[in-house]
Amino acid sequence: RLVVGSGPAVLELVSGQVEVREEFISEEEERELLGELEPVLKRKRYQFDHWDNAIHGYRETERSHWSERNSETLQRVRDVAFPPGTPQLGLVHVLDVDKGGYIKPHVDSVKFCGSTIAGLSLLSPSVMRLVSEQNQSDWVDLMLLRRSLYILRGAARYLFTHQVLKEGDSYFGGVEVPRGRRISVICRSLPSGLKGAVWR
Ligand code: AKG
């Protein structure tokens, strides 16, 4: 199982709105994405000490144009994550979180992100934790294996914070998931009615 939670009720609440697909991309496809991303990321420095940041120990980039093979991989992500015709952010968000880095609990801004977030995990496994904003004791953990895809929709995206656990706290179902450097490649739908954004 790649999704566990604090109880059956919370799992029922997010069922169909949290999805993890193991081995969504092949090793070859991962290499191809890394080949395009590493030169861009290497030019940036990891950021650590911004106290107000949701993310620690990261660098990031956004990309709209990709090699043909990477475009095909990303199209596959879009095809499974978004129903046909869903307005999507043309820019793909790439987040490179260092071994010691982590993502604090947050809800993506409703100004910039619609009802769906879909992310590929490269290089290292990690644990994503969702916590209900209404009741902090309701949580759901997602095991994000290397080369897997996760999708958060609706309630899972709006009513729960999400975070990526840091080294030392990174456990899934009681088993430690050692953290390494992880790159995520994230596609998002657009909020309805957003003007002036990049539509696909
Ligand atoms: C976000 O960008 O809102 C995230 O939390 C990214 C999660 C990830 O790295 O997959």
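Since this is a predicted model, take the numbers as computed values, not measurements. Counting starts at 1 for both ligands and their atoms, following the listed order. Computed over heavy atoms, backbone and side chain alike; hydrogens, waters and symmetry mates excluded.
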Arg188 neighbourhood, listing ligand 1 atoms whose heavy-atom distance to it stays under 4.0 Å: 1 (C), 2 (O), 3 (O)
Whether Gly119 lies under 4.0 Å from ligand 1, heavy atom: no
Heavy-atom donor-acceptor pair, Glu30 side chain to Leu123 backbone, under 3.5 Å: yes
Taking only distance into account, with no hydrogens and no angle test, what donor-acceptor pairs under 3.5 Å do side-chain atoms of residues 16-25 form with protein atoms, sequence neighbours excluded?
unit_1: Gln17; atom_1: OE1; unit_2: Ala155; atom_2: N; d: 3.3
unit_1: Glu19; atom_1: OE1; unit_2: Arg153; atom_2: NH1; d: 3.0
unit_1: Glu19; atom_1: OE2; unit_2: Arg21; atom_2: NE; d: 2.7
unit_1: Glu19; atom_1: OE2; unit_2: Arg21; atom_2: NH2; d: 2.9

Ligand 1 contact by Lys104, heavy-atom criterion under 4.0 angstrom: no
For ligand 1, the portion of Glu60 having any non-hydrogen atom under 4.0 Å away: neither
Residue, atom name and distance, where the atom is the protein heavy atom closest to atom 10 (O) of ligand 1: Tyr150 OH, 2.6 Å
Residue His106 vicinity, atoms of ligand 1 by number, heavy atom under 4.0 Å: 1 (C), 3 (O), 4 (C), 5 (O)
Donor-acceptor under 3.5 Å (Asp98 side chain, Gly100 main chain): no
Pair Glu60 + Lys44, salt bridge at N-O below 4.0 Å: no
Pair Glu167 + Lys99: basic N to acidic O under 4.0 Å: yes
Pairs touching residues 172-184 that satisfy salt bridge (charged side-chain N to carboxylate O under 4.0 Å, His left out), sequence neighbours left out: Glu38-Arg181, Asp96-Arg181
Ser184 neighbourhood, listing ligand 1 atoms whose heavy-atom distance to it stays under 4.0 Å: 8 (C), 9 (O), 10 (O)
Element-labelled atoms of ligand 1 that are located less than 4.0 Å from some non-hydrogen atom of Asp108: 1 (C), 3 (O)
Any donor-acceptor N/O pair, Glu29 side chain to Asn70 backbone, under 3.5 Å: no
Distance from atom 4 (C) of ligand 1 to nearest protein heavy atom, with residue and atom: His162 NE2, 3.6 Å
Heavy-atom gap Gln163 to ligand 1 smaller than 4.0 Å: no
Proximity of Ile117 to ligand 1 by residue part, where a heavy atom lies under 4.0 Å: neither
Heavy-atom nearest neighbour in the protein, as seen from atom 6 (C) of ligand 1, with distance rounded to 0.1 Å: Ile186 CD1, 3.6 Å
Location of contacts on Met128 toward ligand 1, heavy atoms closer than 4.0 Å: side chain
Backbone N/O of Ser137 and side chain of Ser6: donor-acceptor pair under 3.5 Å: yes
Lys/Arg-Asp/Glu bridge criterion (N-O < 4.0 Å) met for Glu72, Arg69: no
